[in-house]
Amino acid sequence: MSANARFASMLHEMASMLELLGEQGFRVAAYSKAARAIEGLTSDLSTMQPAQLLAVDGVGEKMAQRAAEYLATGTMKDYAQLKAKVPEGLLQCLGVPGLGPKTVRAMWTTLGVTDIAGLKKAMDDGSLANLPRMGEKAVQKIRDALATIEQGQGRLPLGLAVAIAERVLAVVRAQPGVIRAEAAGSLRRGKETVGDLDIIACVEKLDAGLAQAVMRAATSMPGVQRVLVQGEFKASMLLSVEPPSPAEQAAPEEAKAAEPHPHQQTSTKVLQVDVRVVPRVSFGATLQYFTGSKEHNVRLRALAQTKGLTLNEWGLFLDSTWKPFHEAGPVSASRPLPDGVVDASEEGAIYAHLGAPFVPPEMREDRGEFGSAATSGVALDVAHTARALVRVEDIRSELHSHTTASDGVLSIEQLARAAHARGFHTIAVTDHSQSSTIARGLKPDRLRTHMQAVREVHAKLHAELGMTVLAGSEVDILADGNLDYSDELLQQLDVVVASPHASLKQDAATATKRLLRAIEHPLVHIIGHPTGRIINQRAGLEPAMHELLAAAKQHNVALEVNSHWSRLDLRDLHVRMACEAGVLLAIDCDVHHPDDFANLRFGIATARRGWATKDMVINTWDGPTLHAWLRRKR
DNA sequence: GCCGTTTTCGGCCCGACTGTTTTCAGTCG
């Protein structure tokens with residue numbers, strides 16, 4: 001974990017502890033907000049001047065002092081004092097759904113409960129049910145929540161969550177009266193893992209019967225374990241997560257062989273799914289609202305307030321029209337919505353009316369998308385970035401793929417034709433190098449034969465389709481930074497993708513030196529999955545990213561955004577750092593199986609989360625431009 | 001604790017759902 005991440009996590013912990021001590025809400029929120037701001041920084045805390053840190057939105061005098069203290073001593077006096085007051089186990093109790101700060105504090109101060117074991121005891125002997133505002137049903141909910149946690153309820157990798165969302169959407173869209181339905185939440189923002197699904201279904205007019213029918217269809221679909229809540233327009237349920245299908249398991253070999261990450265939770269087996277039914281006039285507002293992030297929405301609603309408007313999940317309203325309506329009680333089917341200020345059936349209208357540029361979902365993290373918050377010394381032009389963000393349809397080449405020569409399932413020609421069918425002008429065949437024995441890496445003599453075979457396919461398909469098939473290799477970056485083939489051999493390859501595959505637990509300084517050597521190598525074009533992390537399984541390398549980026553810029557090397565949902569490496573924050581440093585990106589699918597081309601959407605989402613524009617991504621270039629760039633290293 | 005084209009003090013986003021209530025607090029997103 002980087003110093004930024006460690007400091008931020010301590011602030012988060014302090015927020016929870018203050019909450020349990022009964023501290024005022026806004027003070028608690030200030031800690032959380034500062035923690036999030038630090039997490040989103042693209043600069044190392046240690047390299048920032050005090051004035052730069054104070055310029056970060058959410059970081060004031062006190063937090064800046066704490067950062068200095070943390071950097072100097074590795075800890076903080078305030079943090080230690082809080083730790084001494086609040087038992088460790090209470091923080092786990094706070095993580096149980098349905099248990100908030102008020103309840104945990106009450107059971108701590110009046111029942112002496114200090115951990116999960118004590119909580120279970122208090123439920124069994126009936127003392128918990130005797131707390132104010134507690135009863136048998138509330139206790140049962142906590143029991144169920146504990147059981148769900150023990151079953152394994154972590155965050156699900158994006159690729160698996162998307163597959164489940166599409167199943168739910170199919171059921172909802174099939175209901176009579178449903179005009180459209182979309183997934184919102186962190187899935188729509190393209191986050192690398194998803195905690196729950198938010199499904200928004202749209203009907204023409206609010207109708208309680210219709211809404212109930214849609215929610216019944218969802219809550220009775222196969223795999224539903226438990227219905228958590230069911231109101232007039234919203235239902236929540238727990239859905240079993242089936243093991244990945246064979247196609248979904250077409251993960252890279254190394255991913256399958258990966259050792260479990262020390263912090264890995266038991267694998268996720270249930271996913272919470274919320275289904276909401278809204279009228280057409282509200283659909284855009286609801287989609288916006290539940291796409292989040294929470295922090296982005298807080299800012300957007302505050303913006304609405306400055307214009308005397310109220311923004312909520314039903315639309316954008318004049319205070320004078322919404323407030324009296326609201327005072328009469330919650331919205332219901334029998335009480336029609338008041339007219340909003342704008343037609344909120346599309347979310348773009350809301351941004352437009354508030355005078356904010358439309359923010360693509362992937363950028364809605366309150367990391368500067370409103371043009372105010374500083375995340376580093378470098379300012380990217382928000383409006384331009386939002387318009388020029390790289391899209392799936394911009395990608396014209398694949399530069400990282402495997403055939404049956406190493407661990408892929410396609411022949412060279414099948415691979416090239418699959419790439420052509422997706423509209424690509426170029427594919428690079430980059431089978432593994434000799435040290436990746438698990439993946440049947442090629443010894444030098446096999447590589448020479450393989451290159452010849454690739455060039456024959458190129459001659460054929462270039463004549464037939466105008467397709468370019470490049471002879472490349474995914475060359476191991478060995479533990480000391482040497483490459484896995486001689487320079488004489490590398491020189492003959494059209495494309496060299498250099499990737500770390502083994503020794504992924506080395507310390508930061510060693511990893512930095514290792515990757516720098518690869519970047520500085522004059523025959524290397526792209527660094528593949530630079531950290532080697534596997535989501536939820538392996539932390540991977542933690543090199544000094546700023547040093548790598550400076551070197552990549554200097555040596556004109558592109559860093560990969562590996563699109564496989566188990567990798568997404570570079571990750572979103574690293575992409576943002578690369579864009580601020582002006583470093584080129586290669587968004588690739590690391591194709592082993594024909595289905596892997598479909599993972600491109602996840603790599604694109606990750607790149608967009610890092611504010612990557614089309615011009616920074618070498619796969620968007622036309623053939624001549626890309627080929628000329630590759631030849632500059634030969 | 002942070003912040004300022006309504007403020008250096010007094011605010012800080014907004015609503016649904018649930019369970020315990022007897023009008024609403026707690027939790028969640």
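Keep in mind it's a predicted model, so treat the numbers as computed, not measured.
Among residues two or more places apart in sequence or in another chain, the side-chain contact (heavy atoms from CB on, under 4.5 Å) test is passed with A:Leu210 by A:Val203, A:Asp207. For A:Asp274, the side-chain hydrogen bond (donor to acceptor under 3.5 Å, both in side chains) partners at least two apart in sequence or on another chain are A:Ser236, A:Gln272. A:Arg571 pairs by the side-chain hydrogen bond (donor to acceptor under 3.5 Å, both in side chains) definition with nothing, not counting sequence neighbours. The side-chain hydrogen bond (donor to acceptor under 3.5 Å, both in side chains) search around A:Gln65 returns none, not counting sequence neighbours. Take A:Asp125 and apply the side-chain hydrogen bond (donor to acceptor under 3.5 Å, both in side chains) test, not counting sequence neighbours, and it matches A:Ser127.
Across the C1' atoms, B:dC24 and B:dT20 are found 9 Å apart, a figure rounded to whole Å. Remark: the separation of the P atoms in B:dT22 and B:dG26 is 13 Å, to the nearest Å. Nucleotides B:dC17 and B:dC13 have their P atoms positioned 22 Å apart, rounded to a whole Å. Using P as the reference atom, B:dG15 and B:dC9 are 31 Å apart when rounded to the nearest Å. When the C1' atom is used for both B:dC12 and B:dT6, the distance is 15 Å, rounded to whole Å. Nucleotides B:dG11 and B:dT7 are separated by 13 Å at their P atoms, to the nearest Å. Between B:dG1 and B:dT8, the distance separating the two C1' atoms is 15 Å to the nearest Å. Nucleotides B:dA16 and B:dG10 have their C1' atoms positioned 29 Å apart, rounded to a whole Å.
Comparing A:Lys294 and A:Asp274 by the nucleotide of DNA chain B that holds the closest heavy atom to each, the one mapping nearer the 5' end is A:Lys294. Mapping A:Gly231 and A:Pro101 onto DNA chain B via the closest heavy atom, the residue that lands nearer the 5' end is A:Gly231.
Taking the centre and axis of the six-membered ring of A:Phe290, the NZ or CZ atom of A:Arg276 falls inside the cone set by 45° and 6.0 Å.
Side-chain contact, A:Ser2 with A:Asn4: no donor N or O sits under 3.5 Å from an acceptor N or O.
Between A:Trp314 and B:dA16 there is a side-chain N or O to OP1 or OP2 distance below 4.0 Å. Taking side-chain N and O atoms only, A:Asn312 has a distance below 4.0 Å to OP1 or OP2 of B:dG15.
Residues A:Pro361 and A:Arg188 have side chains in contact (heavy-atom distance under 4.5 Å, counting atoms from C-beta outward). In this structure the side chain of A:Gln288 reaches within 4.5 angstrom of the side chain of A:Tyr351, judged on heavy atoms. Within the 4.5 Å cutoff, the side chain of A:Lys33 has heavy atoms near those of the A:Asp57 side chain.
Separating the NZ atom of A:Lys141 from the P atom of B:dC17 is a distance of 12 Å, rounded to the nearest angstrom. Residue A:Lys234 contributes atom NZ, which lies 7 Å from atom P of B:dG29 at whole-angstrom precision. A straight line from CG of A:Leu316 to P of B:dC14 spans 12 Å, rounded to a whole angstrom. The distance from atom CZ of A:Arg276 to atom P of B:dG15 is 14 Å, rounded to the nearest whole Å. If you take CD of A:Gln212 and C1' of B:dC17, they are 13 Å apart, rounded to a whole angstrom. The CD atom of A:Gln288 sits 12 Å away from the C1' atom of B:dC14 (whole-angstrom rounding). The interatomic distance linking A:Leu303 (CG) with B:dC14 (C1') rounds to 16 Å, in whole Å. In this structure, A:Asp196 places its CG atom 19 Å from P of B:dT27, rounding to the nearest Å.
Of the residues in residues 83-95 of chain A, none has a non-hydrogen atom less than 4.0 angstrom from any atom of DNA chain B. The stretch residues 102-113 of chain A comes close to DNA chain B through A:Lys102, A:Thr103, each having a heavy atom under 4.0 Å from the strand. Shown for residues 5-21 of chain A: no residue has heavy atoms falling under 4.0 angstrom of DNA chain B.
Using a 4.0 Å heavy-atom distance criterion, A:Leu99 is classed as a sugar-phosphate-only contact. When heavy atoms are screened at a 4.0 angstrom cut-off, A:Glu136 is found touching the sugar-phosphate backbone but no base atom. Within the nucleic acid shown, A:Val96 comes within 4.0 Å of sugar-phosphate atoms alone, with no base atom in reach, counting heavy atoms only.
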**Request:** Carefully, step by step, assess A:Thr42 and A:Glu580 under the rule side chain to side chain donor-acceptor pair (under 3.5 Å).
**Result:** CA-CA 9 Å; A:Thr42 55; A:Glu580 289 179 359; 2.6 Å; yes
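In this structure, A:Glu136 does not pair ionically with A:Lys141, as no charged nitrogen and carboxylate oxygen lie closer than 4.0 Å.
Comparing atom distances between the A:Glu313 side chain and each of B:dT20, B:dG29, B:dA16 picks out B:dA16 as nearest.
Pairs passing the ring-ring contact (aromatic ring centres under 6.0 Å, His included) check and including a residue from residues 165-192 of chain A, sequence neighbours excluded, do not occur. Applying the ring-ring contact (aromatic ring centres under 6.0 Å, His included) test to pairs two or more places apart or on separate chains, those with a residue in residues 55-86 of chain A are A:Phe7-A:Tyr70.
With hydrogens and angles disregarded, no donor-acceptor distance shorter than 3.5 Å links the side chain of A:Thr193 to the backbone of A:Pro157. No donor-acceptor pair under 3.5 Å is formed between the side chain of A:Gln175 and the backbone N or O of A:Val172. One N or O on the side chain of A:Asn536 and one on the backbone of A:Arg155 form a donor-acceptor pair closer than 3.5 Å.
Residue A:Tyr289 places a side-chain atom within donor-acceptor reach of the base of B:dG29, judged by atom type and a 3.5 Å distance cut-off alone.
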Distances under 3.5 Å between protein N/O atoms and the N/O atoms of nucleotides 21-24 of chain B, please, pair by pair.
| from | atom 1 | to | atom 2 | distance (Å) |
| --- | --- | --- | --- | --- |
| B:dC24 | O2 | A:Arg133 | NH2 | 3.0 |

**Sugar-phosphate or base contact per nucleotide [nucleotides 1-7 of chain B; S, B, -; heavy atom under 4.0 Å]** = BSS----
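Across all strands shown, B:dC9 forms a Watson-Crick or G-U wobble pair with B:dG4, both key distances being under 3.5 Å.
Of the residues listed (A:His296, A:Lys294, A:Arg576, A:Arg189), the one engaging A:Glu365 in a side chain to side chain donor-acceptor pair (under 3.5 Å) is A:Arg189, and it is the only one.
What you find for A:Ala386 and A:Phe358 is that their closest heavy atoms are CB-O, 3.9 Å.
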